[in-house]
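Structure, as C-alpha cells:
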Protein chains: 2
Amino acid sequence: MTTSQYKFPTHHVAVDCIIFGYENEKLKLLLSHRRFEPEQGKWSLLGGWVEENETVEKAAERVLLQYTGLKDIYLEQVHVFSDPARDPGGRVISIVFFAMIRIDKHDKELVTEHGAKWWAFNKKPALVFDHDQMVEHAHEKLKLKASYELIGKNLLPSKFTVLQLRILYEAIFQRSFDPGNFRKKILSLKILERLDVKNTTDSKRGAYYYSFRKENGLSFSERIVKLHS
Amino acid sequence: MTTSQYKFPTHHVAVDCIIFGYENEKLKLLLSHRRFEPEQGKWSLLGGWVEENETVEKAAERVLLQYTGLKDIYLEQVHVFSDPARDPGGRVISIVFFAMIRIDKHDKELVTEHGAKWWAFNKKPALVFDHDQMVEHAHEKLKLKASYELIGKNLLPSKFTVLQLRILYEAIFQRSFDPGNFRKKILSLKILERLDVKNTTDSKRGAYYYSFRKENGLSFSERIVKLHS
DNA sequence: ACAAAAGTGTTTCGGCTACACCCATGC
DNA sequence: GCATGGGTGTAGCCGAAACACTTTTGT
C-alpha cells in the first residue's frame, strides 16, 4: 500500500461495467446474477473494487478479463454515481464504464461459470441499486458516440454486411433507417473496405462482406445520425 | 461515519473544478494559488476532498461556494483521473467537474482571500499534476455542449447582446463566426427573448439586449455549431 | 411467379455559407 | 463623410430524406 501524507476521509471505490454485445441481430448486455449480499440472487452489472495502485480503467479491464477472458476491450468512462445511500451494504463510489465486445470472440464458459448471462438490451430485467440508471446513461453515451463515429468494429464480427451494420444501428437508436440511404452514407465515409466474399445466408442474391479498414485511425465523421430529432 | 460491511481497499477521493467565466470579451478560468504542499506556490484547479455522506456533486458545490460564495452553480462531470502516481502526495482519485459561473455575480473578495485568480483561458499558466489535461478535457466537453445546446445563461450577464454571445462562442471554439449567420441561427432557436433596452456602449447605433426565456426548459437544438469540421 | 434483400438513381427540400447591402450613429 | 457594429436579404451549394426502380436468386 502506498503511503499517503493526506489525512482525510477515504472511500470504497468500485467500477461497474455496461457491456454491450451484438448477436443474432440484437444488441445485448452482459449481466451478472449476484451471488452475495446485498440483493443476492438479483441481476446486476459486472463490477469490482478498485485496488491500490491501479487506475479505474485497469480495474474495469480486470473485471472484463475475469468474466469474458478478453483483453484490449473498448472501454469508456460514463459517469460517477456517489449517492451515499446508493448501495445498502455501505458507502461506495462507483465509476461506470461502458464496454463493447465481440460476442463471437469471448469465453462463453467463463461467463456461465461466473453466473453471468447475455440479455437482449430491450428485454433486460430490472437491476439492483441504481444500475438501471447507469445503463440508461451508458445507452445515451453509446448513441452519442455512434452519431458521430462509425461504431461496430468492437461489436460485429470481423466481416459483416451493410445489413448487419444497419441492424446494429437500428438496435442502438431503436428506430429504422432507410436501407438505400444508410448504405450510401456509410460507404461514403470510406471507413469500410469491401471484401471479395459474399454472404448468401441472409439473402438470396448475396451481399458483399465489409470490414473496417486497418489504416483508418480516425473513424470520425461529420455526422452519421442526427440526434435530438 | 457510515458503517460498511465491505472489507476492501479504500481511497482518497477528491473533486477538481474547471470554473469557466466570461468577462471583458474573454473566456476565463478561476485558478488557485496553492498554499500547501505538494507544489506549493504553483497554480492549480480548485479542489477539495469528498467527505463521508456527500455525493461528489455536493463536494464540488461545497468547493464552489467556498471560493465564490455562489450556490446553484451549473456543474457537470467531466472525467475521472486515477493514475496512482498522479499526485505525488499520495494516491488520490480525482473526479473532475466543469462549472460555469457569472463573474458579475460572484464574491470577488472571497476569491482573493483564498488566493484564487481569474485567468484568460488562452493565457493560463501551466498547472500542477495532471490539471492541464483536465482543463483540456473540460474544454472539449464545453465545446461539445455548446455545439448542440445554446449556452451562455450561466456565463453572460442577465441581459446581453448578440455580439456578446457571439464573442463568447468565438472564445469557446477559438474561431470566428459570420455575424449575420450567427444572429439568424441563434434567434431562429427561439430560446432568446428580445428586451426593450438597447446597449449603446459597444456600438453607435445601439443593439438590443436579449435574455434567456424563462419558460424555456429545454434549450436543446438540432445543432448550433458543426464539430469535427 | 413471387418474395426479399442488394444495390443504384433521382428528386425534392432545408439548412449552411458567403456574401451584398442598407441602417443608425458617433467621431 | 467615414468607420463601425446592427440587422436583413439572397443566391448557390450540399447533404438528408423519400422513394422509385432494377438485379439476383431461392422457393
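If you're wondering where the values come from, they're calculated on a predicted model, not measured in any experiment. Note on naming: letters A, B, ... go to the chains in the order of the sequence lines (proteins, then strands), and numbering restarts at 1 for each one.
Rounded to an integer number of Å, the gap from Phe177(A) CZ to dG15(D) P is 19 Å. As rounded to whole Å, 15 Å separates atom C1' of dA6(C) from atom CZ of Phe182(A). Atom CG in Asn199(A) sits roughly 13 Å away from atom P in dG26(D) (whole-Å rounding). Atom CZ of Arg166(B) and atom P of dG6(D) are 7 Å apart (whole Å). Lys198(B) has its NZ atom 10 Å from the C1' atom of dT25(C), to the nearest Å. As rounded to whole Å, 12 Å separates atom C1' of dC14(D) from atom CZ of Arg223(B). Rounded to whole angstrom, the span from the CD atom of Gln164(B) across to the C1' atom of dG7(D) amounts to 17 Å. Separating the OH atom of Tyr209(A) from the P atom of dG7(C) is a distance of 12 Å, rounded to the nearest angstrom.
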Nucleotide N/O of nucleotides 1-4 of chain D paired with protein N/O under 3.5 Å:
none

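Residue Arg183(A) has its side chain nearest to dG7(C) when only dG7(C), dA18(C), dG5(D) are considered. Nearest nucleotide to the side chain of Asp178(B), out of dC19(C), dG7(D), dC16(C): dC19(C).
Using the six-membered ring where Trp is involved, Phe173(A) and Phe177(A) have ring planes that are perpendicular, over 60° apart on the 30 and 60° scheme.
Where Gly206(A) and Asn181(A) each meet DNA chain C at their nearest nucleotide, the meeting point lying more 5' is that of Gly206(A).
Checking the phosphate oxygens (OP1, OP2) of dA16(D), a side-chain nitrogen or oxygen of Lys185(A) falls inside 4.0 Å.
Seen from the ring of Trp119(B), Lys117(B) counts as a face-on cation partner, given the 6.0 Å and 45° thresholds.
Side-chain contact between Leu110(B) and His114(B) is present, with heavy atoms from C-beta onward closer than 4.5 Å.
One distance of note links CG of Asn154(B) with CD1 of Ile73(B); it measures 9.5 Å at 0.5 Å rounding. Going from atom CD of Glu136(B) over to atom NE2 of His79(B) covers 12.5 Å, rounded to the nearest 0.5 Å.
No close placement of the Phe121(A) and Tyr22(A) rings is indicated, their centers lying 6.0 Å or farther apart.
Under the salt bridge (charged side-chain N to carboxylate O under 4.0 Å, His left out) criterion, no residue pair touches residues 199-209 of chain A, with sequence neighbours excluded.
Judged by atom type and distance alone, Lys184(A) reaches the base of dG9(C) through a side-chain donor-acceptor pair under 3.5 Å.
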